[in-house]
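Below: one structure, written as structure tokens.
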Amino acid sequence: MSCSKPAVVSISSMVASMATIKEMCSFFPMASAGLNMLTLCATEEFRKDEILFAVLYPGWVRTDMGGEGVSLTESVEGLLSVMDSLAEKQTGVFLDYEGKVMPW
């Protein structure tokens, strides 16, 4: 990564976004939402220790179970590229596999 400090990077779901709760209530994934909240809280708790926290969304990945999203290879390569480009000033960020900011 482009920062020399410790970092915690998690993978989450777009439907776990706090900003989309009204649209997602019927199938809201509590575990991912909890991870997102934990990340936001940890960002503030450990800011003084200069630990970077980020949540990444891998995109809708095409699998045998269905979906016409991105290939697994494209998703993983994108996630690795995003992780490599993370900077200290981005702590507490929620990004997709292309580096686009996701709504919390």
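Computed from a predicted model, the values in this text were never measured in an experiment.
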Going through the checks in order, is the side chain to side chain contact (heavy atoms under 4.5 Å, CB included) test met by L52 and V8?
CA-CA 6 Å; L52 183 142; V8 176; over 6 Å; no

For residues 69-81, dump all side-chain donor-acceptor pairs below 3.5 Å to protein atoms at least two apart in sequence or in another chain.
| residue | atom | partner | partner atom | Å |
| --- | --- | --- | --- | --- |
| S71 | OG | E74 | N | 3.0 |
| S75 | OG | P58 | O | 2.7 |

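- Residue pairs meeting the side-chain hydrogen bond (donor to acceptor under 3.5 Å, both in side chains) criterion with at least one member in residues 91-100, sequence neighbours excluded: E98-K100.
- Rounding to the nearest 0.5 angstrom, the gap separating the CZ atom in R47 from the CD atom in E50 is 11.0 Å.
- Residues A54 and L86 share a closest heavy-atom pair of CB-CD1, 4.0 Å.
- In this structure, L56 CG and L95 CG are separated by 6.0 Å, a value rounded to the nearest 0.5 Å.
- Taken from CG in L35 to OG in S10, the straight-line distance is 4.5 Å, to the nearest 0.5 Å.
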Do V93 and V55 pass the side chain to side chain contact (heavy atoms under 4.5 Å, CB included) test, and can you show the C-alpha distance, the side-chain angles, and the key distance before you say yes or no?
CA-CA 6 Å; V93 71; V55 173; over 6 Å; no

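- In terms of heavy atoms, T43 sits closest to G92 at OG1-CA, 3.4 Å.
- Side chain of Q90 to backbone of A87: a donor-acceptor contact under 3.5 angstrom is found.
- Note: the hydrophobic cluster containing L38 does not contain M102 (ILVMFWY, side chain heavy atoms under 4.5 Å, direct or indirect links).
- Of the inter-residue distances, the one linking F94 atom CZ with Y57 atom OH reads 8.5 Å to the nearest 0.5 angstrom.
- Tracing side-chain contacts under 4.5 Å through hydrophobic residues (I, L, V, M, F, W, Y), one reaches V9 starting from V61; they form part of the same cluster.
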